[in-house]
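One structure is given below, encoded as structure tokens.
This chain uses plain numbering: 1 for the first residue, then up along the sequence.
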Amino acid sequence: LQDRDEAVRAAAGDAVKAAGPLDDGATTKLADGPSSPDTTVRAQAAEALGAVDAPAEHAAPPLLEALTDANDVVRAKAAEALGKIGEAAAEVAVPHLVRALRDQDSWVSALAAEALGEMGVGDGAVTGLVRALRHVNAQVRANAAEALGKLGAAAGRARGALERAAADPEGAVRAQAVRALGALGP
């Protein structure tokens, strides 16, 4: 990941992602990637941290830092990786992902909503996801509705917002809102 040639760095990132679980030493080295001066390395390291089953205590801190990166691809890969780590990172990640729902880049916001759904915990996430149901971007709205559905009963207070989202002008948003309402139960 530190080679001077971008193609080599990209190949190394792909190899790490394909390797599967890493030992603590390799995970620690990979966790240094999001602080690289190279945008490609930062993005690939963030993505790899979510792909290699890195323990949350090693992976979450650099990924949370990457959520504030100047580059939107790095922020998006960090959000996606946190979602893959899931509930193990929820305690520290949820507040940061809720902030990422308001990212200037809609792709980052959409992936943050998706990650919150993968966390499987409602505390702190529901309010941000309900707010995201009013986002200007339809993919963000759809992902927020889907995430609320994944939270199930923990998202019960979102019922009214999901009912409004079920009338959204975009079909994908309506579909996810209806699924989410079904997941909330009666």
Side-chain angles (χ1 to χ4, degrees), residues 1-121 124-125 128-129 132 135-144 146-147 150 172:
L1 289 173
Q2 301 301 324
D3 195 272
R4 69 180 181 276
D5 187 303
E6 185 173 345
V8 174
R9 290 190 308 270
D14 290 341
V16 168
K17 287 182 280 191
L22 302 176
D23 63 29
D24 284 348
T27 300
T28 301
K29 183 76 172 161
L30 184 59
D32 292 338
S35 63
S36 169
D38 185 292
T39 302
T40 302
V41 171
R42 292 193 314 271
Q44 288 186 323
E47 183 176 18
L49 282 167
V52 298
D53 296 327
E57 65 268 14
H58 295 299
L63 290 172
L64 295 175
E65 182 180 330
L67 273 178
T68 64
D69 196 277
N71 184 278
D72 61 330
V73 175
V74 175
R75 294 191 312 275
K77 295 295 182 183
E80 187 174 37
L82 286 164
K84 288 179 180 175
I85 293 170
E87 192 171 350
E91 186 176 334
V92 295
V94 167
H96 297 273
L97 288 166
V98 168
R99 276 194 294 281
L101 290 171
R102 296 186 305 266
D103 194 275
Q104 64 190 10
D105 186 276
S106 293
W107 182 42
V108 175
S109 298
L111 289 172
E114 187 175 311
L116 286 165
E118 298 302 322
M119 296 277 159
V121 293
L129 289 166
H135 196 279
V136 67
N137 181 280
Q139 187 63 56
V140 175
R141 296 192 309 271
N143 285 12
E146 181 179 14
K150 287 180 178 181

Applying salt bridge (charged side-chain N to carboxylate O under 4.0 Å, His left out) as the test, list every pair that has at least one member in residues 82-91; sequence neighbours left out. none
Once rounded to the nearest 0.5 Å, what's the spacing between atom CZ of Arg102 and atom NE2 of His135? 10.5 Å
Under the criterion side-chain contact (heavy atoms from CB on, under 4.5 Å), I'd like the reasoning laid out for Leu116 against Leu101: C-alpha separation, chi angles, the key distance, then a yes or no. CA-CA 10 Å; Leu116 286 165; Leu101 290 171; 3.8 Å; yes
Closest non-hydrogen atoms of Ala115 and Leu97, given as atom of the first, atom of the second and distance, are CB-CD1, 3.9 Å
Using side-chain heavy atoms (C-beta onward) and a distance below 4.5 Å, is Thr39 in contact with Asp69? no
Between the CZ atom in Arg42 and the CD atom in Glu47, the distance rounded to the nearest 0.5 Å is 14.5 Å
I'd like to know whether Arg75 forms a salt bridge (charged side-chain N to carboxylate O under 4.0 Å, His left out) with Asp103, so could you lay out the CA-CA distance, the side-chain angles of the two residues, the decisive distance to 0.1 Å, and finally the verdict. CA-CA 9 Å; Arg75 294 191 312 275; Asp103 194 275; 2.8 Å; yes
Restricting to non-hydrogen atoms, name the atom on Ala46 and the atom on Val74 that form the minimum distance, rounded to 0.1 Å. CB-O, 4.5 Å
Arg141 side-chain N/O to Ala132 backbone N/O, donor-acceptor pair under 3.5 Å: no
Shortest non-hydrogen contact from Leu67 toward Ala78: N-CB, 3.9 Å
Looking only at heavy atoms, which two atoms of Leu129 and Ala144 are closest? And how far apart? O-CB, 3.6 Å
Atom CD of Gln139 and atom CG of Leu111: how far apart are they, to the nearest 0.5 Å? 8.5 Å
Within-4.5 Å side-chain heavy-atom neighbours: Leu82 and Met119: yes
Which heavy-atom pair separates Ser109 from Val140 by the least distance, and what is that distance? CB-CG2, 3.8 Å
Rounded to the nearest 0.5 Å, what's the gap from OG1 on Thr68 to CZ on Arg99? Could you check? 9.5 Å
Gap separating the CG atom of Leu49 from the NZ atom of Lys77, nearest 0.5 angstrom: 13.0 Å
Nearest atoms (heavy-atom pairs only) where Ala110 meets Asn143: O-ND2, 2.8 Å
